[in-house]
Amino acid sequence: MTGIRIAWVVLAVATGILGSATAQWPLYEITDCEIGLGPLSSADCYRSIHDYFGRELFLVLALPVALCVIPAVIPRPVVSWIVSATMLCAAVVGFFTAFSSDMPSLLSMVGSLPAAVLALVLAAVHQGIALRNKGAIARARGVVLDPRSSE
């Protein structure tokens with residue numbers, strides 16, 4: 001399980017880097033102010049997301065990073081699935097918040113779809129490794145896992 005732990009830590013670092021890069025985007029990336037809709041002025045529209053939200057933004061961007069660390073600390077397939085599902089839900093909520101509100105919200109920055117997809121892939125790989133290891137242990141003990149194979 002060391003490989004899975006390393007993979008989750010790498011995903012946590014990549015998610016942090018992606019979040020930091022996203023914080024430098026102009027505000028119009030998460031609003032519709034560039035087409036003149038909404039209450040934001042054109043000057044606010046071209047400010048960076050970090051400048052608009054301030055330090056609170058990094059607390060929100062730290063949530064997906066912290067989620068990625070959990071399966072590295074507790075390497076169980078069920079934890080990987082829970083974390084990846086939570087990340088996917090956060091990405092969906094963030095996406096819909098960004099495009100359904102006139103004013104930008106920190107909630108629109110809470111998730112990362114690329115990180116959520118990679119987390120789902122890692123959870124599937126983790127599950128596959130766990131099943132493979134379980135089968136190898138059962139074969140070493142001489143236990144038959146499939147009752148149909150004994151007939």
Side-chain angles (χ1 to χ4, degrees), residues 1-34 44-149:
M1 290 295 165
T2 302
I4 287 296
R5 287 178 184 226
I6 292 170
W8 278 105
V9 169
V10 168
L11 182 59
V13 170
T15 302
I17 291 170
L18 180 64
S20 295
T22 303
Q24 303 311 313
W25 288 356
L27 200 55
Y28 66 76
E29 292 287 344
I30 61 168
T31 65
D32 53 6
C33 67
E34 78 277 8
D44 282 338
C45 192
Y46 289 96
R47 289 173 57 191
S48 74
I49 294 171
H50 172 258
D51 289 341
Y52 185 81
F53 289 118
R55 291 183 191 162
E56 292 85 12
L57 175 65
F58 290 106
L59 293 174
V60 172
L61 293 175
L63 291 175
V65 174
L67 283 173
C68 289
V69 172
I70 293 172
V73 175
I74 308 169
R76 308 249 188 289
V78 68
V79 174
S80 293
W81 284 115
I82 290 169
V83 165
S84 61
T86 303
M87 290 179 69
L88 184 62
C89 289
V92 169
V93 166
F95 180 78
F96 284 115
T97 303
F99 292 106
S100 65
S101 175
D102 288 341
M103 287 298 291
S105 165
L106 279 173
L107 193 57
S108 63
M109 297 299 295
V110 78
S112 167
L113 188 60
V117 170
L118 289 173
L120 286 169
V121 169
L122 268 178
V125 168
H126 193 173
Q127 184 74 45
I129 290 171
L131 290 174
R132 187 187 71 204
N133 289 345
K134 184 178 179 181
I137 291 170
R139 282 191 299 279
R141 292 181 181 165
V143 177
V144 177
L145 291 178
D146 188 4
R148 290 177 276 151
S149 66

Do you know the tightest heavy-atom contact between [X] and [Y]?
X      : Y      : value
Pro64  : Thr15  : CB-CG2, 3.6 Å
Leu61  : Ala23  : CD1-CB, 4.1 Å
Phe53  : Met109 : CE1-CG, 4.4 Å
Gln127 : Pro77  : OE1-CB, 3.4 Å

Derivation of the side chain to side chain contact (heavy atoms under 4.5 Å, CB included) call for Leu107 and Val93: CA-CA 8 Å; Leu107 193 57; Val93 166; 4.0 Å; yes

Interatomic distance, [X] atom [atom1] to [Y] atom [atom2] [nearest 0.5 angstrom]:
X     : Y      : atom1 : atom2 : value
Trp25 : Ile49  : CH2   : CD1   : 6.5 Å
Leu88 : Leu120 : CG    : CG    : 5.5 Å
Thr22 : Leu57  : OG1   : CG    : 9.0 Å
Leu11 : Ile4   : CG    : CD1   : 11.0 Å
Leu67 : Trp8   : CG    : CH2   : 9.0 Å
Leu63 : Thr86  : CG    : OG1   : 11.0 Å

Counting C-beta onward and ignoring hydrogens, is there a side-chain heavy-atom pair between [X] and [Y] closer than 4.5 Å?
X      : Y     : value
Ile82  : Val79 : no
Cys68  : Met87 : yes
Leu122 : Ser84 : no

Any donor-acceptor N/O pair, Ser108 side chain to Pro104 backbone, under 3.5 Å: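 Looks like no, no N/O pair under 3.5 Å.
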
Sequence neighbours excluded - ring-ring contact (aromatic ring centres under 6.0 Å, His included) pairs with any residue from residues 54-86: His50-Phe58

Under the side-chain hydrogen bond (donor to acceptor under 3.5 Å, both in side chains) test, residues paired with Ser48 that sit two or more places apart: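 Result, side-chain hydrogen bond (donor to acceptor under 3.5 Å, both in side chains) vs Ser48: Asp51.
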
